[in-house]
Chemist: 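Before anything else, here's the structure in question.
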Amino acid sequence: MNVIQAFDYEQMSRLAAAYIIKQVRLNPSIVLGLATGGTPEGTYRQLIRDHKEFGTSYQKVKSINLDEYVGLSPHHPNSFRQFMNEHLFNHLDIQKEQTQLPDGKASDFIQECKRYDILIERSGGIDLQLLGIGENGHIGFNEPGTSFQTKTHIVNLTESTRKANARFFENLSSVPEQALTMGIQSILQSKRILLLASGNHKAEAIMKLINGKVDEGFPASTLNLHNDVTLIADQAALSLVDRGKGAEHGR
Ligand code: PGA
């Protein structure tokens, strides 16, 4: 794993955006795997700024998001579809029909998961997957204990995940209890992975990821099995990592 240390959230976001922009410019038809949450918001702001100032085009880009809440329609203000529209898609020249998320209101979730797997396969696979990490080590909504063999599936969200996401909702009880998520196997099949982490509350997860063994009890540890992972994390998120592990400093 290539580890890049940023000073703070802003620098992490700028470095992450620069990484993504480089890949989009190298391959204008790139398939991006995208994530929601507080972590990528700043990166998306930087992508928008670059698009407006320097004209990086997303006209041929396809995107496939990691997950969506069960029970929320694409128009629900807290759906991940709305998050992506507001924080990214509405401000780029990407074609909306080329942007994909699981359907949280599907009538048959087993079929919906199959549809999503086929969609990933038909896209030719994800070229660059952007990931955040949960405090409990989840990636996407793959909670601790998820088999590394999983493809898209329905999950019961843990209490800690629901609490962490409650800040986006009116209260904890309005946070959905289930979600559809790309599986760990699907994530690992991405050609490149860019993992972002910021803040003290992520420090323990990042320490476990870098120092720890590969273990289904800590989903992010599966990233140690992939040969092209870049972690961009700020000082706070790297604060518990042994100095000897030597993160490169971002510029
Ligand atoms: P966050 O969530 O970006 O809102 O911290 C990350 C995650 O839970 O994967």
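Just so you know, ligand 1 is whichever comes first in the structure, and atom 1 is the first atom listed for that ligand.
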Chemist: Which atoms of ligand 1 have any heavy atom of Arg167 under 4.0 Å away?
Modeler: 4 (O)
Chemist: Kindly say whether Asp67 contributes a backbone atom to a donor-acceptor pair with the side chain of Thr181 at under 3.5 angstrom?
Modeler: no
Chemist: Does ligand 1 have a heavy atom under 4.0 Å from the side chain of Leu131, from its backbone, from both, or from neither?
Modeler: neither
Chemist: Provide, to 0.1 Å, the distance between atom 8 (O) of ligand 1 and the closest protein heavy atom, together with that atom's residue and name.
Modeler: His138 NE2, 2.6 Å
Chemist: With side-chain contact (heavy atoms from CB on, under 4.5 Å) as the criterion, how do Met84 and Asn65 come out once you've worked through the C-alpha distance, each side chain's angles and the decisive distance to 0.1 Å?
Modeler: CA-CA 9 Å; Met84 291 308 300; Asn65 260 73; 3.5 Å; yes
Chemist: Side chains of Arg81 and Glu68: closer than 4.5 Å at any heavy-atom pair?
Modeler: yes
Chemist: Any N or O on Gly38 sitting closer than 3.5 Å to an N or O of ligand 1?
Modeler: yes
Chemist: For atom NZ of Lys52, is the number of surrounding heavy atoms from other residues, nucleotides or ligands below 6.0 Å larger than 12?
Modeler: yes
Chemist: Taking 4.0 Å as the limit for heavy-atom contacts, which would you say applies to Glu41 with ligand 1: side chain only, backbone only, both, or neither?
Modeler: neither
Chemist: With hydrophobic residues grouped by side-chain heavy-atom distances under 4.5 Å, do Val155 and Val70 end up in a single group?
Modeler: no
Chemist: Could you list the atoms of ligand 1 found under 4.0 angstrom from a heavy atom of Thr39?
Modeler: 1 (P), 3 (O), 5 (O)
Chemist: Under 4.0 Å from a heavy atom of Lys202: give me the atoms of ligand 1 that qualify, with their elements.
Modeler: 1 (P), 5 (O), 6 (C)
Chemist: Taking the six-membered ring for Trp, are Phe168 and Tyr69 ring centroids under 6.0 Å apart?
Modeler: no
Chemist: Check for me whether Glu135 has a heavy atom closer than 4.0 Å to any atom of ligand 1.
Modeler: no
Chemist: In ligand 1, which numbered atoms sit nearer than 4.0 Å to a non-hydrogen atom of Gly37?
Modeler: 3 (O), 4 (O)
Chemist: Does Lys96 NZ have over 12 foreign heavy atoms under 6.0 Å away?
Modeler: yes
Chemist: Nearest protein heavy atom to atom 6 (C) of ligand 1, by residue and atom, and its distance?
Modeler: Ile133 O, 3.7 Å
